Asks: 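Quick one: the structure is below, and I'll ask about it shortly.
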Amino acid sequence: MEFLHVEGFRKQFAGTEVLKDINFDLPKGKILAIIGPSGGGKTTLLRCLNFLETPDEGKVYLDGELLSDAKVSYSQKERREKQLKFGLVFQSFHLFPHLTAIENILLAPNLLAKDRVKEQFKERKKAAKGAARKTLKKEEKQALKKLSAENKRHAEELLNQVGLSEKRDSYPSQLSGGQQQRVAIARALALSPEVLCFDEPTSALDPELTGEVLKVIRALKGRTLIIVTHEMAFAREVADYVLFMTDGVIEERGAPDEVFLHPQKEKTKAFLKHMEEYHDE
Amino acid sequence: MTSFWNVTLALLEGFGSTCLIFAATLVFAIPLGLLVTFGSMSRFRPLRWLMRTIVWVVRGTPLMLQLIAIFYGPALLFGIDGFDRVPAVIVAFVINYACYFSEIYRAGIEGVPRGQAEAGQVLGLKKSQVFFHITLIQLIKRIVPPMSNEIITLVKDTSLARIISVTEIILVAQEYTRQGLIWPLFYTGVFYLLFVGVLTLLFRHTEKKLEYIKI
Ligand SMILES: Nc1ncnc2c1ncn2[C@@H]1O[C@H](COP(=O)(O)OP(=O)(O)OP(=O)(O)O)[C@@H](O)[C@H]1O
Ligand SMILES: [Mg+2]
């Protein structure tokens, strides 16, 4: 079993099967590209991995341990812990319009820090009385302050990493699509997910803006990534493994050169040919 | 001697009731409306149906009728003492406006793209955090214009309180009319206009404050 092991994912929407027994593995630090025609179930798969949908059946193992099982219902707290193992970058960014670039990145880490510190001090505060309680409250405040400062430093680092340090205080509406997506990537990275998923990260962008986003993703090599993309050249270049998904099944899988240069299945061949023609236009 | 000054003082006193009804309605109807919204959007079907039925009845009948029902209803139906006049007005207004507000909130919540909450969820936020840190401000931005409208309507609806003999400003002016003095009735318009003017400025200021959010 590899670092990420997905077993038997099934998902129906109103009686139509969108995922039909999806199984795959991904070693730590490797990049998986998922390609395939529209409606094949790629987005649904990522949404299931990120707990935005619950699959009807299926299990996810991470680092040798069972992370989630569709048959088990988790409490909000449990789900949150599991959710944090995964990150998702959306096709249409979904930045928070009322927050600046850095605030977008900081929102979740700061809320998480607050909850964790609170949790940490809860029992001790219950036991303490009077002056001791006051000291504890002070300690709690300081612990939170320290974490917030760390979060801020990390967020600034991430902004720098995606090349947007000077846009730190800009609102999403003041950024180009490419810049927005780069902030969204930084926002997802801020929580250091074990597996980061991208759902067609460049398909909402003007062609001249895709390059800057792909460059940022390319620089993430070494992390465990799942990238759904229509950019065939990019998939071939960065991926360690490729899945070709259509009609809710993984039709073909392998190393990029195998899938792209020597596809075995007719559907794969037809899809690649179609993409090539589309690209040539 | 019904001098201008005396009339002004009397009207001001009536206007006090007007303001009280206005303020109390807002203070209670704004949060109650949110509860009604949650109820009418609940996944628990009986609750959703109940809330939607209540909203339908309240929005589908005249406020004047509701006022009368709440003031006289308890005594007529059960032979018990109901509300005093002013509390009855406030209860009727709160229920009525909560229902109107709830529909504005609902449209506002449904207008915030689903991707916003999903982005928060993927980042590990709890449901309450998603609401208070992501949805709420975008919701407020969306509802300020329709809420402004509704609140300005409320200013003028307060005059319905005279139906059950609460001495708000119009009723005071009508007393003068009975004595053959017409102008105080028209003079009340100035009070309403000033009040609505101040509110309009306030709403405009709020909209400006929220202008940085582009949705
Ligand atoms: N919430 C939903 N309710 C009903 N049907 C859905 C829902 N989400 C997805 N589907 C259906 O599931 C199928 C797979 O959709 P999905 O978005 O996963 O495909 P995709 O491979 O990501 O396609 P694309 O390349 O166009 O993004 C589609 O037929 C879609 O209509
Ligand atoms: Mg998709």
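Nothing here was measured: the structure is a model prediction, and the numbers come from that model. Residue numbering restarts at 1 for every chain, and letters A, B, ... go by the order of the sequence lines. Both backbone and side-chain heavy atoms feed into the values below; hydrogens, waters and symmetry mates do not.
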Asks: For A:Phe93, is it the side chain, the backbone, both or neither that has a heavy atom under 4.5 Å from a heavy atom of chain B?
Replies: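 Interface part for A:Phe93: neither.
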
Asks: Establish, yes or no, whether the cationic atom of B:Arg85 lies under 6.0 Å from the six-membered ring centre of B:Phe71 and within 45° of the ring axis.
Replies: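 Verdict for B:Phe71: no cation-pi partner in B:Arg85.
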
Asks: Under a 3.5 Å threshold, yes or no: a donor from one side chain and an acceptor from the other, between A:Thr100 and A:Asp169?
Replies: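 Result is no, nothing qualifies.
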
Asks: Using non-hydrogen atoms only, which part of B:Gln129 is less than 4.5 Å away from chain A: side chain, backbone, both, or neither?
Replies: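 Contact with chain A is through the side chain of B:Gln129 alone.
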
Asks: If you look at every heavy atom in A:Pro55 and A:Ala70, which pair is closest and at what distance?
Replies: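 Residues A:Pro55 and A:Ala70, closest heavy atoms: O-CB, 3.3 Å.
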
Asks: Looking only at the side chains, is there a donor atom on one of A:Ser173 and B:Tyr212 sitting less than 3.5 Å from an acceptor on the other?
Replies: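 Result is no, nothing qualifies.
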
Asks: With a 4.5 angstrom heavy-atom cut-off, which part of A:Phe96 approaches chain B: side chain, backbone, both or neither?
Replies: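 For A:Phe96, heavy atoms of backbone and side chain both lie under 4.5 Å from chain B.
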
Asks: Ring centroid separation for B:Phe22 and B:Phe195, is it under 6.0 angstrom?
Replies: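 Centroid separation for B:Phe22 and B:Phe195: below 6.0 Å.
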
Asks: Determine the option with the most heavy-atom pairs under 4.5 angstrom with chain B, choosing from A:Leu111, A:Leu84, A:Asn50, A:Leu88.
Replies: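 So the answer, after comparing A:Leu111, A:Leu84, A:Asn50, A:Leu88, is A:Leu111.
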
Asks: Measuring heavy-atom distances to chain A, does B:Leu123 have an atom under 4.5 Å in its side chain, in its backbone, in both, or in neither?
Replies: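 Both parts, heavy atoms under 4.5 Å.
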
Asks: For the interface with chain B, which of A:Arg79, A:Arg47, A:Arg80 has the highest count of heavy-atom pairs at distances below 4.5 Å?
Replies: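 Between A:Arg79, A:Arg47, A:Arg80, the count favours A:Arg80.
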
Asks: Is it the side chain or the backbone of B:Lys141 that comes within 4.5 Å of chain A heavy atoms, both, or neither?
Replies: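 Contact with chain A involves no heavy atom of B:Lys141 at all.
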
Asks: What I want to check is whether the side chains of A:His5 and A:Glu7 have a donor and an acceptor closer together than 3.5 Å.
Replies: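 On atom types as modelled, these side chains qualify, holding a pair under 3.5 Å.
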
Asks: Highest number of heavy-atom pairs under 4.5 Å with chain B: which of A:Val89, A:Leu95, A:Asp115, A:Leu191?
Replies: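 Option with the greatest count: A:Asp115.
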
Asks: Any chance the side chains of A:His230 and A:Glu200 put a donor and an acceptor closer than 3.5 Å?
Replies: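 There is such a pair between these side chains.
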
Asks: Among B:Lys127, B:Lys214, B:Gln116, who wins on heavy-atom pairs under 4.5 Å with chain A?
Replies: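 Going by pairs under 4.5 Å, I would pick B:Gln116.
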
Asks: Could you look at B:Gln121 and say if it's the side chain, the backbone, both or neither that has a heavy atom under 4.5 Å from chain A?
Replies: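 Contact with chain A involves both backbone and side-chain atoms of B:Gln121.
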
